[in-house]
Undergrad: 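Pasting a structure below so you can have a look.
Every chain is numbered from 1, with letters handed out A, B, ... down the list of sequences.
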Number of protein chains: 4
Amino acid sequence: MTHDDPIQAQLIAARRTQILDAATKVFAEKGFERATIKDVAKAAGVADGTIYNYFKSKPDLLLGILNRLNESEQRRDDLAQISQGSVREQTRAYIKHRLEVIQGQGFEALRVMLSEVLINQSLGSTYFEQVIQPTFDIAEPFLKQQADQGVFRSMDTALILRFISGTFLGLIMLRLMGDPKLIEQWDNLPDLITNILLDGLAADGENNDESAS
Amino acid sequence: MTHDDPIQAQLIAARRTQILDAATKVFAEKGFERATIKDVAKAAGVADGTIYNYFKSKPDLLLGILNRLNESEQRRDDLAQISQGSVREQTRAYIKHRLEVIQGQGFEALRVMLSEVLINQSLGSTYFEQVIQPTFDIAEPFLKQQADQGVFRSMDTALILRFISGTFLGLIMLRLMGDPKLIEQWDNLPDLITNILLDGLAADGENNDESAS
Amino acid sequence: MTHDDPIQAQLIAARRTQILDAATKVFAEKGFERATIKDVAKAAGVADGTIYNYFKSKPDLLLGILNRLNESEQRRDDLAQISQGSVREQTRAYIKHRLEVIQGQGFEALRVMLSEVLINQSLGSTYFEQVIQPTFDIAEPFLKQQADQGVFRSMDTALILRFISGTFLGLIMLRLMGDPKLIEQWDNLPDLITNILLDGLAADGENNDESAS
Amino acid sequence: MTHDDPIQAQLIAARRTQILDAATKVFAEKGFERATIKDVAKAAGVADGTIYNYFKSKPDLLLGILNRLNESEQRRDDLAQISQGSVREQTRAYIKHRLEVIQGQGFEALRVMLSEVLINQSLGSTYFEQVIQPTFDIAEPFLKQQADQGVFRSMDTALILRFISGTFLGLIMLRLMGDPKLIEQWDNLPDLITNILLDGLAADGENNDESAS
DNA sequence: TATGAATGAGCATTCATTCAT
DNA sequence: CATGAATGAATGCTCATTCAT
């Protein structure tokens, strides 16, 4: 029946993309539950029924959005290998790249996922395993290596990962909440994060001991 | 109608609390939209109609939950004044206290708010203004003071606040997503956050210059 | 919660009856699938949603109709015991009574069940087991007894039961198909059935032997 | 358009047959309403749209099935003329033939028609007029003749026809409901029906008068 | 002719809200 | 105040039918 017509395949892929784009936009505006299939169809410029030719159900649209996030996430891997320059340079490069990846996939998709992830068990697990966990797996060896070489102070590596990941996540949340300061200064974040992460807030090493009461 | 009967008033307050507790639990489990008034009523042990004697509508329950968060947030103010000991001690005390406040108001209420805040314009604004912004207002003078005294390095104070606040927020998100490591190590966070925040990850001051290529 | 209020219970039963009556009528007119819940609600004089306070789903209405058939079927048992008079009288009494039972529960419910029973596996099984089979179980001992006593000719009892039951069923089908002759002469059926069943069509015993080839 | 190309005509007839076979099968399994055009198309191995090149609409498929029943019904006529041998032999031959005709056209088509016939006014009328009524018209003269000649007892001929026709119909219903006994003993039916129909259940002529109390 | 993607009317079901008791 | 049956608008999804290719 379905001859593997490459032109057909492209049309289908294009239609899927068109629908997922619309769904992302609409879900981001109204939230997954409040958005209706009619809303999505209208935004995509198709009939209600057409959506069901490409997605099994409304929740399936959500998975479609998540999968696109995963894909753009995966494409980042090679870049993460750039281990050139000083530790500081590498760190800054990593942070910058992570923020760019996030920005690249669009804040709308993130808004959709983050708003659902806390109250949708299965989606939450999938998101953690497929999006968050992989970032841990990539950053952890780097952190361990620096700690072993005495470049980084010895602390619980896994927890540090949570700290870093949490910082990214939290900054995105604040931005999505509409904090104007953060929107305005978003491009200054890589430097700020790098500095605090490596050196902390304290003015210099001497201040760091507790004897200075 | 409402005679200022103090006993009546207490009964009413108790019933409100009972309903809000139920709503918080149910909304946290299913999400605001997926949870039904019937669910809440059942969890509260009252009839559906009774809820409407205490709350105007379903969204009004959400506002009720947010207001309780605000209240517990406000009660923290006095404690925040503890400016005793070294900067490090003050910082650690602040962080610890913030985490305790968060833990005290229960993760369930947070789950409810955070899941709605991104897709509910008015709730999002209210949450930012009434819960997030106040923490900025309290921490900012402290940060400024330390920077002026040369204790903290000079950086964009407002952005640093976002960094700190975002870190809290993100760590909570990760915990709510069910990260087992974070649940297990939650009590070690105050120390970790304090250390990274003040000193960074770098082993010592010498590493901090970029000459070490 | 639900106090076993007998008045409440009666109201509920009355509402259920009202809805089942409407469903029977509407399903009989349009068929189960073509009839809509809105149709049933309108016929019952209630809102769509009300139906779901009394029945879990649309198929559940069908089961409700079947159960009422069962109940009226069961109430017939005691009467079936009338074993007075000659075999002929008993037979005629049985047939008459069976037809009256059928007529009593209304042809509408039968129309609904018979139209669904052939294409709805589970309903079909239930109907056969709960409505048809019991009539076999009641008539079989009587048939056996007559055969043993030499009153009836010896033939496969089980198959004779099918013959009799089939005849009832088929006559009902023809009537439901609107055969005017059958509607008009319905009351003459008990005698006709009794006569054919006991004596056959042949004019007298002599014709009955096969030697006259 | 349709050039009277005999090869084309045959291809078209073949395709129609293929689709009707599929429709019969699918409708028998799921019922007319629950079956979808997609189901039929899949079973026929064609595309959805193709069906509409051969049938105007979904109900039209039903009429197509009915018409095939009619045709096979009509082809029976000549055979029914076999009026050889004794009345008993003629009767048995008729009954046997009727059952064979029914069996020949397949129980599936019957299941489809019988399930729809009760709730579809126009289909019901058509079925009665084109399938049932003709069997009356053929058997009636025979019955009348026997009654006139004193071979059959004098009873309402039209009603007897209903009895016989109903018995067939009812036995088919029971079989379609899945009665295992009936499926197993189906081939013994002609003899059983002939015997009961001619001689009744009573052991001999003496029992037949009502004086025997 | 054959195909199957697109369409959109139609339906079962849910659920916030009301209100008579 | 408390109750919970009744309401009916709203929504996800299905499917007969059309039509461009």
Undergrad: Is there a side-chain polar atom (N or O) of R15(D) under 4.0 Å from OP1 or OP2 of dT1(E)?
TA: no
Undergrad: From CG of D48(A) over to C1' of dT14(F), roughly how many Å is that when rounded to an integer?
TA: 12 Å
Undergrad: Using whole Å, report how far CD of E33(B) lies from P of dT14(E).
TA: 17 Å
Undergrad: Name the residue closer to the 5' end of DNA chain F, choosing between S57(A) and S57(D) according to the nucleotide with the nearest heavy atom.
TA: S57(A)
Undergrad: In whole angstrom, what separates K42(A)'s NZ from dG12(F)'s P?
TA: 12 Å
Undergrad: Please determine whether a side-chain nitrogen or oxygen atom of N53(B) lies at a distance below 4.0 Å from atom OP1 or OP2 of dA2(F).
TA: yes
Undergrad: Please state how far atom CG in L61(C) lies from atom C1' in dC11(E), giving the value in whole angstrom units.
TA: 14 Å
Undergrad: I'd like to know if K30(D) pairs up with E33(C) as an ion pair, taking the criterion as any Lys NZ or Arg NE/NH1/NH2 lying under 4.0 Å from an Asp or Glu carboxylate oxygen.
TA: no
Undergrad: Any side-chain donor paired with an acceptor under 3.5 Å for T24(A) and D21(A)?
TA: no
Undergrad: Atom NZ of K38(D) and atom P of dT14(F): how far apart are they, to the nearest Å?
TA: 12 Å
Undergrad: Establish, with yes or no, whether the OP1 or OP2 oxygen of dG12(F) is under 4.0 angstrom from a side-chain nitrogen or oxygen of K58(A).
TA: yes
Undergrad: Can you figure out which of dT1(E), dG12(F), dA12(E) approaches the side chain of Y52(C) most closely?
TA: dA12(E)
Undergrad: Check the distance between dT1(E)'s P and Q18(D)'s CD and give it to me in whole angstrom.
TA: 14 Å
Undergrad: Give the rounded distance in Å between these two atoms: CG of D60(C) and C1' of dA12(E).
TA: 14 Å
Undergrad: Decide whether D39(A) and T36(A) meet the rule of one side-chain donor and one side-chain acceptor closer than 3.5 Å.
TA: yes
Undergrad: In the structure shown, which nucleotide is the Watson-Crick or G-U wobble counterpart of dG4(E), with both distances under 3.5 Å?
TA: dC19(F)
Undergrad: Please state how far atom CZ in F32(B) lies from atom P in dC15(E), giving the value in whole angstrom units.
TA: 13 Å
Undergrad: So, is R34(B) near the phosphate of dC15(E), with a side-chain N or O under 4.0 Å from OP1 or OP2?
TA: no
Undergrad: With sugar-phosphate meaning primed atoms plus P, OP1 and OP2, does A35(C) contact a base, only sugar-phosphate, or nothing at under 4.0 Å between heavy atoms?
TA: sugar-phosphate
Undergrad: Side chains of L110(C) and L118(D): does their closest heavy-atom pair fall under 4.5 Å?
TA: no
Undergrad: Does T50(C) or T36(C) map to a spot on DNA chain E nearer the 5' end, using the closest nucleotide for each?
TA: T36(C)
Undergrad: Both I37(B) and Y54(D) contact DNA chain E. Which one's nearest nucleotide lies toward the 5' end?
TA: Y54(D)
Undergrad: For DNA chain F, whose closest nucleotide is more 5', that of P59(D) or that of G45(C)?
TA: G45(C)
Undergrad: Should we say atom NZ of K58(A) is surrounded by more than 12 heavy atoms from elsewhere, each under 6.0 Å from it?
TA: yes
